[in-house]
Amino acid sequence: MVVALRLPSLTSIFSSPSVSHQSPAILRRRHHILPPLRAAGFSAQSAASSPPETEGRVDKQKNTVRQERVNQDRVITPRSQDFNAWYLDVIANAELADYGPVRGTMVIRPYGYAIWEAIQEYLNVKFKETGHSNMYFPQFIPYSFIEKEASHVEGFSPELALVTIGGGKELEEKLVVRPTSETIVNHMFTQWIHSYRDLPLMINQWANVTRWEMRTKPFVRTLEFLWQEGHTAHGTPEEAEKEMIDIYTKFAYEQAAIPVIPGRKSKAETFAGASKTYTIEAMMGDRKALQAGTSHNLGQNFSRAFGTQFTDENGQRQHVWQTSWAISTRFVGGIIMTHGDDSGLMLPPKVAPIQVNCRLFYDLLLKRKQELSVLALSVKEVLQKSGIKVKLDDSEQRTPGWKFNFWEMKGVPLRIEIGPRDVSSGSVVISRRDVPGKQGKAFGISMEPSTLEAYVKDKLDEIQSALLGKAISFRDSNIVDVSSYDELKEAINLGKWARGPWSASDADELRVKEETGATIRCFPFDQPQGIKTCLMTGNPAEEVAIFAKSY
């Protein structure tokens, strides 16, 4: 069936892309890869309208710029010069994603998708270990479902994409393209849950969602993105509390090497339709906050709206207590912005699609060249048998310098170099991506299988720990404890996170946002002891909050 989407005019939503100012080439490392995304439709700025008659000319200019860049050396904007341009350059040159034909959408390329698969593989196991089962819900949701929960429809209305025509005919009821699934999940839960024996009901789906964002940034915020969304129903509120946020925190620290701060969202930042929202907040390389994952305690808001009830052990009818929780492809953006440098990606080994890149240095003698190839294949086989992800680059179409830059751009944690001398010595050179220059090189590493395997595994563990340690130090050095509103404003003005006691009103919270651009990211679970005084009102406060500008 052909479905037509009646959506706001693309021209009125997205500004025409502009080409960032290029710094002198001497400041950049050159890469012969794809053109930067910032020249192709992704924008981190608020959209400005373009008259319909200019749209064709803008698109033609965009395509001309793109074609010109295809024939030029690709360059990476230094992070310190323009963090957003650097981010878009890395995504393009590391071949993580490209722009889709609809502005604000992205095509996730194999290398970028492989990072998402690493996230999926870890979380999928953890979800099942804790009793959740995977399933799938339809992408199209009746609009009347959205309307049943008042705060939910109010919160999501500006982001909804609606289907009004199907099969060439006007639909009797318009359909929502899934922005999230609480409503359709409740519709089905109502049919599946009858008794306390049916509880808890804990499911998850891996799916795509559509939210008509006004500002877009690849991986971080796009019109369509991938995620997992878990939904559970319980017999008591205690069972529903903080469902899944601990697993997200563990994943961030142990797999992605991102030191998130778990906590509770303020009332103003709570998910539409939830009683409480829990979050993990991560500090990016530009010191902005990224909401990296959320878990919502829905209370009985949706179960009352949909009549999702069960008969308890005493024969009484009760509404179920529910949760929903999600991590999305936004986490890929978080990994890029936490660990990357001016040379490109720097991937933690546990989420890296390729953990070791093995490269050959040929001489002019065919015999020696064949010996190197045989040696490299044996190294690859040894490491692969031990579960290490290895890529052998034995291509002859590119220079050694190009290969070095290319794999460094892709953030491969370890590089093994095999040259003619290594054939004679029975050893290799191993370099770390996170430690530049000679300091990160180790010479004369034996190719004896058990020695090589142990060394590589040990170094991968070291890199994983080092990246986490570096990120923790960066985060902690950029959080300022404040005790007054003036101190908060000063900290935010310096690009820092501000942490201070808070018991002020929603209106005061809005004032902070309007005057500083910062929001309450969370009330951390880890709270300091002692008497606290609200930084805004001077009244007693029970908790400290973290304020920061965010994506």
Side-chain angles (χ1 to χ4, degrees), residues 126-138 140-157 173 176 178-205 207 228-248 262-279 293-326 506 523 525 542-543:
K126 295 301 179 184
F127 296 161
K128 292 177 180 179
E129 286 178 352
T130 50
H132 301 81
S133 300
N134 284 337
M135 61 179 299
Y136 185 78
F137 291 87
F140 297 122
I141 302 171
Y143 188 76
S144 59
F145 285 15
I146 304 292
E147 292 181 303
K148 284 189 177 184
E149 212 291 325
S151 61
H152 194 65
V153 67
E154 181 182 354
F156 273 99
S157 285
E173 179 180 2
V176 175
R178 175 175 51 221
T180 182
S181 298
E182 281 76 11
T183 57
I184 194 170
V185 165
N186 264 272
H187 175 78
M188 301 309 301
F189 276 12
T190 299
Q191 301 177 49
W192 299 336
I193 298 171
H194 306 287
S195 163
Y196 69 91
R197 297 182 182 87
D198 299 323
L199 300 174
L201 180 53
M202 303 189 294
I203 58 94
N204 174 68
Q205 72 168 341
Q228 57 75 209
E229 55 174 320
H231 298 272
T232 67
H234 305 269
T236 67
E238 291 77 17
E239 287 183 13
E241 185 70 3
K242 290 196 292 187
E243 168 84 8
M244 208 48 63
I245 202 70
D246 291 341
I247 286 179
Y248 288 164
R264 188 189 77 256
K265 285 288 190 182
S266 68
K267 181 180 178 181
E269 295 291 323
T270 295
F271 175 75
S275 297
K276 295 179 183 177
T277 289
Y278 300 101
T279 181
T294 52
S295 180
H296 312 295
N297 187 331
L298 304 177
Q300 294 179 315
N301 296 338
F302 283 90
S303 64
R304 290 185 183 279
F306 282 80
T308 313
Q309 295 180 291
F310 69 101
T311 302
D312 66 17
E313 295 178 355
N314 299 318
Q316 301 297 312
R317 294 292 286 171
Q318 305 281 352
H319 288 94
V320 298
W321 300 84
Q322 291 178 262
T323 74
S324 64
W325 28 274
D506 293 348
F523 293 91
F525 295 149
E542 295 182 357
E543 299 175 293

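Here CD1 of I184 is found 6.5 Å from CZ of F145. Values are rounded to the nearest 0.5 Å. In this structure, T183 OG1 and R178 CZ are separated by 10.5 Å, a value rounded to the nearest 0.5 Å. If you take NE2 on H194 and CZ on R317, they are separated by 8.5 Å, rounding to the nearest 0.5 Å. Residue T323 holds its OG1 atom at 11.0 Å from OH of Y278, rounded to the nearest 0.5 Å.
Smallest separation of non-hydrogen atoms from G273 and F302: O-CE1, 3.5 Å.
One side chain, T308 or N186, offers a donor N or O that lies under 3.5 Å from an acceptor on the other. A side-chain donor-acceptor contact under 3.5 Å links S181 and Q205. Donor-acceptor pairing under 3.5 Å is lacking for the side chains of T294 and T277. The closest side-chain donor-acceptor pair between T232 and Q322, if any, does not fall under 3.5 angstrom. H132 and T130 share a donor-acceptor pair across their side chains, judged by distance under 3.5 Å alone.
W325 has its ring centre less than 6.0 Å from the ring centre of F127. Taking the six-membered ring for Trp and the full ring otherwise, the centers of H187 and F306 sit at least 6.0 Å from each other.
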Determine, step by step, whether K128 and N134 satisfy the side-chain contact (heavy atoms from CB on, under 4.5 Å) criterion, reporting the C-alpha distance in whole Å, the side-chain angles of both residues, the deciding distance to 0.1 Å, and the verdict. CA-CA 8 Å; K128 292 177 180 179; N134 284 337; 3.6 Å; yes
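Sorted by first then second residue, the side chain to side chain donor-acceptor pair (under 3.5 Å) pairs that include residues 262-273, not counting sequence neighbours, are R264-E543, K265-E281, K265-Q291, S266-E509.
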